[in-house]
Number of protein chains: 2
Amino acid sequence: MDALELLIKHDIKPSVQRLAVMEYMLTHFTHPTVDEIYSSLSPAIPTLSKTTIYNTLSLFEEQGVVLYLGIDKKNARFDGNTSHHAHFRCKKCGKIIDIFNQKQEDIVIEGHPELIIDEVQTYYTGYCKACTN
Amino acid sequence: MDALELLIKHDIKPSVQRLAVMEYMLTHFTHPTVDEIYSSLSPAIPTLSKTTIYNTLSLFEEQGVVLYLGIDKKNARFDGNTSHHAHFRCKKCGKIIDIFNQKQEDIVIEGHPELIIDEVQTYYTGYCKACTN
DNA sequence: AACTAAATTGTAATTATTACAAATCTGTTT
DNA sequence: AAACAGATTTGTAATAATTACAATTTAGTT
Ligand SMILES: [Mn+2]
Ligand SMILES: [Mn+2]
Ligand SMILES: [Zn+2]
Ligand SMILES: [Zn+2]
């Protein structure tokens, strides 16, 4: 599924800027910050505004086409992979690694049937291979 | 275990300010923000500085006597309960609820034996009972 | 009392994010 | 094609949480 299809499927009008951001998210699963996305796209779209990146990611998140990650104290991070997976952040190098093959969390929490769960995020923190030597 | 014992056990010199913050964390398991702690303690300790709250919580976190929660986009939140449990945040009222009786996460992640895990946090997001009616 | 190190305070700096109004773009109607 | 309306983008300013840092105060020791 390419960027254009994905936007249309999520009722997002595909502008040049939105397509560029979506395309970026589908080719960089590094959980980028707003600044990283802006810096990468800015040369090709010289008029691009950082506010547009904020607006766009906010819209994408509302429409469920990207995921907001609160794993980083400093900056918001975003994930173009919206399938269920957890994340690991290295305290030393800051890299964020996907953790797949986890059992899907229940939609209902045992002991709390009254809560409506929209989302579950699991964040691991520690040290990656490269930072352990 | 009271505030004084807890600080001493964690090699933290018990000043008036530190004792007050620790005492607050042991009697308010509401996952408070820096501002909430400051506003609550400020009347009794008129000279108290907000920087001291930041410093103190930072020290407490390093020494493992409180937990930092990244569940709230706007403010850092802290938890005086350092035992293993997850958290639920209501999108409407912002309340953060403890989720206990969860199976302890593994210290080693299946498929990633190379990662050193220091901490695991699970954040649920949705709507609480009061906000569903 | 003098000394030293640690802790606290107050203020200023930093910086991510949001607010907002002006400008631009897109598609439609006359 | 020109006029129009609505959506989108842009640039700048405002907001606000956090951090940096130097001066002051406190606590403990000689
Ligand atoms: Mn991911
Ligand atoms: Mn808790
Ligand atoms: Zn690393
Ligand atoms: Zn609620």
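Below, read A as the first sequence line, B as the second, and so on, with proteins coming before strands; counting in each chain starts at 1.
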Write down the distance between [atom1] ([X]) and [atom2] ([N]), rounded to a whole number of angstrom.
{"X": "A:I53", "N": "D:dG11", "atom1": "CD1", "atom2": "P", "result": "12 Å"}
{"X": "B:N75", "N": "C:dT15", "atom1": "CG", "atom2": "P", "result": "20 Å"}
{"X": "B:D11", "N": "C:dA6", "atom1": "CG", "atom2": "C1'", "result": "15 Å"}
{"X": "A:Y54", "N": "C:dC20", "atom1": "OH", "atom2": "C1'", "result": "16 Å"}
{"X": "A:Y68", "N": "C:dT18", "atom1": "OH", "atom2": "C1'", "result": "14 Å"}
{"X": "B:D72", "N": "C:dT17", "atom1": "CG", "atom2": "P", "result": "13 Å"}
{"X": "B:L57", "N": "C:dA7", "atom1": "CG", "atom2": "C1'", "result": "15 Å"}

Counting only distance, no hydrogens or angles, is the base of D:dT12 paired donor-acceptor with the side chain of A:T51 under 3.5 Å?
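Counting by modelled atom types and ignoring angles, a donor-acceptor contact under 3.5 Å is found here.
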Expected output: side-chain B:S58 to main-chain B:Y54 donor-acceptor under 3.5 Å
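No, the answer is negative, given that no donor and acceptor are paired below the 3.5 Å cut-off.
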Under a 3.5 Å distance rule, please check whether B:Y123 uses its side chain to pair with a backbone N or O of B:G70 as donor and acceptor.
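Answer holds: yes.
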Should we count NZ of A:K92 as having more than 12 external heavy atoms under 6.0 Å?
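Counting other residues, nucleotides and ligands, NZ of A:K92 stays at 12 neighbours or fewer.
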More than 12 heavy atoms of other groups within 6.0 Å of B:K91 NZ:
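Counting neighbours around NZ of B:K91, more than 12 heavy atoms of other residues, nucleotides or ligands fall under 6.0 Å, so yes.
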Report which part of the nucleic acid B:K74 touches: base, sugar-phosphate, or nothing (heavy-atom distance under 4.0 Å, all strands).
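Here B:K74 touches the backbone only, sparing every base.
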Among B:R77, B:E36, B:H87, B:K95, side chain to side chain donor-acceptor pair (under 3.5 Å) partner for B:H31:
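Single pass found, and it is B:H87.
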Identify the pairs formed between an N or O of the protein and an N or O of nucleotides 7-9 of chain D at a distance under 3.5 Å, and give each distance.
| from | atom 1 | to | atom 2 | distance (Å) |
| --- | --- | --- | --- | --- |
| D:dT8 | OP1 | A:R18 | NH1 | 3.0 |
| D:dT9 | OP1 | A:S15 | OG | 2.2 |
| D:dT9 | OP1 | A:Q17 | OE1 | 3.2 |
| D:dT9 | O3' | A:Q17 | NE2 | 3.0 |

Within the structure provided, determine whether B:Y124 and A:I109 are in side-chain contact (heavy-atom separation under 4.5 Å).
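SC-SC contact between B:Y124 and A:I109 confirmed.
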Starting at the 5' end of DNA chain D and moving along, which residue's nearest nucleotide shows up first, B:A76 or A:I45?
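Its nucleotide being nearer the 5' end, the pick is A:I45.
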Roughly how far, to the nearest 0.5 Å, is the NE2 atom of A:H84 from the CD atom of A:Q121?
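NE2 of A:H84 is found 9.0 Å from CD of A:Q121.
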Could you state the interatomic distance from CD1 (A:I45) to CD (A:Q17), rounded to the nearest 0.5 Å?
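The CD atom of A:Q17 is 6.0 Å from CD1 of A:I45, to the nearest 0.5 Å.
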Quiz question: by atom type and distance under 3.5 Å, do the side chains of A:E110 and A:H112 form a donor-acceptor pair?
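No pair is found: no donor N or O on one side chain lies under 3.5 Å from an acceptor on the other.
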DNA chain C contacts among residues 19-41 of chain A, heavy-atom distance under 4.0 Å:
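Close to the strand, none.
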